[in-house]
Structure formats: C-alpha cells, structure tokens
Amino acid sequence: MFGMAEKEMEYRVDLFNRLTHSCFDKCIEKRHKEAELNMGENSCIDRCVSKYWQVTNLVGQMLGNRPQI
C-alpha cells in the first residue's frame with residue numbers, strides 16, 4: 001500500500017519539476033532584470049502551465065483507454 005503511495009508521490013514531484021523547468025525555460029529571460037515577474041512573463045507562465053496540464057491529462061486519458069496487452 002505504501003509502495004503505491006510512494007510511487008504516486010514520486011510521479012507528482014517529477015511532473016511538477018518537469019513543468020517548472022519547462023515553463024521557466026520558455027518564459028523567463030536568462031538575465032533577471034527585476035525581482036518580480038513582469039506582465040509578459042506572468043501571462044506566459046499561466047498559458048504554459050495551463051497547456052502542460054491539459055496535455056498531461058489528455059495523455060493520461062489516452063493511456064487509460066488503450067487496450068491492455
């Protein structure tokens with residue numbers, strides 16, 4: 001029982017880390033000019049995270065619906 005919960009936690013941490021790295025690399029300038037995100041960076045992060053979750057859910061649904069071998 002705990003093994004499955006541990007695997008689920010590892011999966012979620014990995015998913016969060018990949019999302020963070022992917023959206024950060026895409027949306028944040030390499031040279032930080034300000035301590036806070038600007039409006040463009042904020043919008044980019046919002047869109048990136050939304051798309052990432054949509055794709056993750058879609059892939060999960062597709063994998064859940066595939067025939068078992």
Side-chain angles (χ1 to χ4, degrees):
M1 177 90 175
F2 290 112
M4 294 217 24
E6 188 174 308
K7 290 286 185 196
E8 179 70 17
M9 181 58 90
E10 288 174 5
Y11 167 76
R12 293 194 180 271
V13 168
D14 180 57
L15 184 65
F16 176 79
N17 287 335
R18 285 186 283 134
L19 177 143
T20 302
H21 289 291
S22 177
C23 292
F24 184 89
D25 289 345
K26 180 178 181 180
C27 296
I28 308 300
E29 290 187 34
K30 302 300 180 216
R31 292 179 41 232
H32 302 290
K33 298 176 184 173
E34 302 171 9
E36 301 291 323
L37 296 175
N38 64 39
M39 188 75 98
E41 291 169 332
N42 258 331
S43 295
C44 183
I45 292 286
D46 285 344
R47 286 191 310 273
C48 182
V49 169
S50 178
K51 287 179 184 179
Y52 198 97
W53 282 120
Q54 287 174 352
V55 169
T56 299
N57 289 333
L58 180 62
V59 169
Q61 289 173 359
M62 292 174 73
L63 289 174
N65 291 334
R66 70 179 186 181
Q68 298 296 318
I69 297 175

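- Not counting sequence neighbours, the partners of V13 by the side-chain contact (heavy atoms from CB on, under 4.5 Å) test are M9, N17.
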Would you mind writing out the side-chain donor-acceptor pairs for residues 19-30 within the sub-3.5 Å range, not counting sequence neighbours?
| from | atom 1 | to | atom 2 | distance (Å) |
| --- | --- | --- | --- | --- |
| T20 | OG1 | F16 | O | 2.8 |

Please tabulate, for the side chains in residues 47-60, all donor-acceptor contacts under 3.5 angstrom to protein atoms that are two or more places apart in sequence or on a different chain.
| from | atom 1 | to | atom 2 | distance (Å) |
| --- | --- | --- | --- | --- |
| T56 | OG1 | Y52 | O | 2.8 |
| N57 | ND2 | W53 | O | 3.2 |

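- Taking CG from L15 and CD from E8, the interatomic distance works out to 10.0 Å, rounded to the nearest 0.5 Å.
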